[in-house]
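These notes are about the structure you will find just below.
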Number of protein chains: 2
Amino acid sequence: MFDFPVFDGIEESDVKKLLTEFNALTLTFRKDATVLSNVSNTDSFFIIQEGKANIVRYNFNGTKTIMEKMEKGDIFGAFSGTIEDDLYVIAAEDSKIIVFEYKRLINRSGKNVEAHNKLIDNVLNKLADKLSYFNERIEILTEKTIRDKLLKYFGYLSKKQITKSIIIPFTLSDLSDYLAVDRSAMMREIKNLNEDGLIASKGRYINLKY
Amino acid sequence: MFDFPVFDGIEESDVKKLLTEFNALTLTFRKDATVLSNVSNTDSFFIIQEGKANIVRYNFNGTKTIMEKMEKGDIFGAFSGTIEDDLYVIAAEDSKIIVFEYKRLINRSGKNVEAHNKLIDNVLNKLADKLSYFNERIEILTEKTIRDKLLKYFGYLSKKQITKSIIIPFTLSDLSDYLAVDRSAMMREIKNLNEDGLIASKGRYINLKY
DNA sequence: TTATTTTTGTTGCAAGTGCAACATTAATGA
DNA sequence: TCATTAATGTTGCACTTGCAACAAAAATAA
């Protein structure tokens, strides 16, 4: 029911007590529905319980840009330091979202102290996790050539999967988006890496030879 | 004395009470001294009171990479979600750094409740701010051409400075680092933008013509 | 199973970029 | 003030990359 990071280490019964104390609501949204129409103006705190949602910007010419993809367990809302006034949150699929006043999270009552403390701890960790994920992506995007981007990405993956036989966790097409390079140019570079003996790969299965 | 974001909105006397309650220490470090030798293992919370510090990685070949630059008011420590075991914090100049147990921040006692609440709020905001800064940088780095990176960056700057006559807040050389492109190629592109009438610039002073 | 869609793989070519090397201007320190 | 260093500006050239267009293989749906 509540098995996601912000509630880690809190008994389900305590989660329920907390949410009751916070006057939390669980709202359901259909795909493409607007969850929040001005991110910088809200005084609420949101947790995605089920489904997915995107933070999007509507550009002056009507096109929309996905600023951030969020999924089950992700949080957003009043704490977000953005000044930008044109950010929306849109459900990317049918979703259930928990909402309560941000103040309730911050201003602690005398009840459920332990659980409340743990929740704050988890929220901080959640943000820090995302920060380190972003940091890693920046490290990769900062590499100048496609080859170097690939190698740095493979390096991180290898560290996480604790093996030199890594499996790319999404399609090669998505990988080219992640690295922000042309897919065909990336494929060409993967071929080069194979020919140069730095890797031995077949599709998304890659053996690091260094 | 304590005029930085994490203490915003908290009376100086209350800040002092809090820090006393937390058994906080103020440590001084000389330039290049090691502040923290295993970021993922600490149980402390750090606030830079004066000076600057970098999070660095020592690569297998002995070279070091600056992962993140931090300055007065920035925070780091136990909440950082990184699993990486080779990250150090090094003082980039002579610095004073406030340290206390992370648990003290999370587990609230009955004292100084108001101030403590506000501190947590500020820490959340601080992390969210950084998140939005990182997000913006990723947005820029994701653009394919130098021209598009420049235009996106100029766009953000224009929004922040609320004018089309923007001033780049660091050297053009640093800008090329920030955009992760070759400096001379960037200069060439700036010239092209001028010739195409999209901007009118002289050094770091830029007028947006769109 | 067969049909359809998605993903992977490949190539030529034009355009964009990094690199190296140097000239000019601005900023800094003695 | 002059000397020195840092920052800005410029160019040719080789290499890398994006783009377009297509083929083959794999995954998914009917």
Side-chain angles (χ1 to χ4, degrees), chain A residues 31 52 65 69 92-93 137-154 157 165-208, chain B residues 31 52 63 65-66 69 92-93 137-154 157 165-208:
Chain A
K31 185 177 185 326
K52 294 180 177 178
T65 319
K69 293 183 178 184
E93 46 185 67
R137 179 138 191 238
I138 288 173
E139 283 300 304
I140 292 167
L141 291 173
T142 295
E143 293 293 326
K144 288 219 182 66
T145 65
I146 293 180
R147 169 175 288 231
D148 288 341
K149 284 178 181 157
L150 283 169
L151 291 176
K152 181 147 262 180
Y153 174 70
F154 292 161
L157 255 197
S165 304
I166 57 179
I167 303 169
I168 297 174
F170 37 69
T171 70
L172 294 177
S173 197
D174 287 344
L175 177 58
S176 71
D177 283 342
Y178 179 76
L179 303 180
V181 299
D182 180 74
R183 188 188 62 82
S184 68
M186 184 192 79
M187 296 299 290
R188 180 165 42 208
E189 202 53 42
I190 288 177
K191 193 165 63 161
N192 291 342
L193 284 171
N194 275 285
E195 284 169 0
D196 294 350
L198 281 166
I199 65 170
S201 77
K202 172 95 179 68
R204 293 152 54 182
Y205 294 83
I206 294 171
N207 261 285
L208 304 185
Chain B
K31 185 174 182 328
K52 293 181 179 179
T63 61
T65 319
I66 296 179
K69 293 183 177 182
E93 48 185 63
R137 179 137 190 238
I138 289 174
E139 282 299 304
I140 292 167
L141 290 173
T142 295
E143 293 292 326
K144 288 221 182 64
T145 64
I146 293 179
R147 169 175 288 230
D148 289 340
K149 283 177 181 155
L150 283 169
L151 290 176
K152 180 147 263 180
Y153 174 70
F154 292 161
L157 255 197
S165 304
I166 58 180
I167 304 168
I168 296 173
F170 37 68
T171 69
L172 293 179
S173 197
D174 288 344
L175 178 57
S176 70
D177 284 341
Y178 179 77
L179 302 180
V181 299
D182 180 74
R183 187 189 62 83
S184 68
M186 184 193 79
M187 296 301 289
R188 179 166 40 208
E189 202 53 43
I190 288 175
K191 192 166 62 162
N192 291 343
L193 284 170
N194 275 285
E195 285 169 0
D196 294 350
L198 281 165
I199 65 172
S201 77
K202 173 99 180 63
R204 291 151 54 181
Y205 295 81
I206 295 171
N207 260 286
L208 305 185

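Order of the sequence lines sets the chain letters (A, B, ...), proteins ahead of strands, with each chain counted from 1.
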Distance, rounded to the nearest Å, where [X] contributes [atom1] and [N] contributes [atom2]:
| X | N | atom1 | atom2 | value |
| --- | --- | --- | --- | --- |
| A:Asn192 | C:dT10 | CG | P | 11 Å |
| A:Glu143 | C:dT17 | CD | P | 18 Å |
| A:Asp148 | C:dT17 | CG | P | 17 Å |
| A:Met186 | C:dT10 | CE | C1' | 13 Å |

(message) Applying salt bridge (Lys or Arg N to Asp or Glu O under 4.0 Å) as the test, list every pair that has at least one member in residues 170-186 of chain A; sequence neighbours left out.
(response) none

(message) Nearest 0.5 Å, please: how far is CD in A:Glu139 from CG in B:Leu141?
(response) 10.5 Å

(request) Starting at NZ of B:Lys191, measure out to CD1 of B:Ile199 and round the result to the nearest 0.5 Å. (result) 12.5 Å

(request) State, yes or no, whether a side-chain contact exists between B:Ile168 and B:Leu172 at a heavy-atom distance under 4.5 Å. (result) yes

(request) Walk along DNA chain D from 5' to 3' and tell me the first and last nucleotide with an atom closer than 4.0 Å to a non-hydrogen atom of chain A. (result) D:dT17 to D:dA20

(message) Under 4.0 Å, heavy atom to any atom of DNA chain D: which of residues 195-204 of chain B qualify?
(response) B:Gly203, B:Arg204

(request) Would you mind telling me which residue lines up with the more 5' stretch of DNA chain C, A:Arg188 or A:Thr145, judged by nearest nucleotide? (result) A:Arg188

(request) For DNA chain C, determine which residues of residues 171-185 of chain A have any heavy atom closer than 4.0 angstrom to one of its atoms, and list them numerically. (result) A:Thr171, A:Leu172, A:Ser173, A:Arg183, A:Ser184

(message) Applying side-chain hydrogen bond (donor to acceptor under 3.5 Å, both in side chains), can you list everything that pairs with B:Ser165, at least two apart in sequence or on another chain?
(response) B:Asn207

(message) The criterion is side-chain hydrogen bond (donor to acceptor under 3.5 Å, both in side chains); which residues satisfy it with A:Ser201, sequence neighbours excluded?
(response) A:Asn194

(message) So, using side chain to side chain contact (heavy atoms under 4.5 Å, CB included) as the criterion, who are the partners of A:Lys69 when residues are at least two apart?
(response) A:Asn54, A:Ile66

(message) So, using ring pair (Phe, Tyr, Trp, His ring centres under 6.0 Å) as the criterion, who are the partners of A:Tyr205 when residues are at least two apart?
(response) none

(message) B:Tyr153: which residues meet the ring pair (Phe, Tyr, Trp, His ring centres under 6.0 Å) condition with it, sequence neighbours left out?
(response) B:Tyr178

(request) Check each of B:Leu208, B:Ile206, B:Leu150, B:Ile146 against B:Leu193 using the side-chain contact (heavy atoms from CB on, under 4.5 Å) test, and report the only one that passes. (result) B:Leu150

(request) Could you pull out all residues at least two apart from A:Arg147 that satisfy salt bridge (Lys or Arg N to Asp or Glu O under 4.0 Å)? (result) A:Glu189, A:Asp196

(request) State which residues pass salt bridge (Lys or Arg N to Asp or Glu O under 4.0 Å) with B:Glu143; sequence neighbours excluded, sorted by chain then number. (result) B:Lys152

(message) Can you give me the bend angle of the helix from C:dT1-D:dA30 to C:dA30-D:dT1? Use the axis through the first five pairs and the one through the last five, nearest 10 degrees.
(response) 60°

(request) Determine, step by step, whether A:Ile190 and A:Met186 satisfy the side-chain contact (heavy atoms from CB on, under 4.5 Å) criterion, reporting the C-alpha distance in whole Å, the side-chain angles of both residues, the deciding distance to 0.1 Å, and the verdict. (result) CA-CA 6 Å; A:Ile190 288 177; A:Met186 184 192 79; 4.2 Å; yes

(request) With heavy atoms under 4.0 Å as the rule, sort B:Ile146 into base, sugar-phosphate or nothing. (result) sugar-phosphate

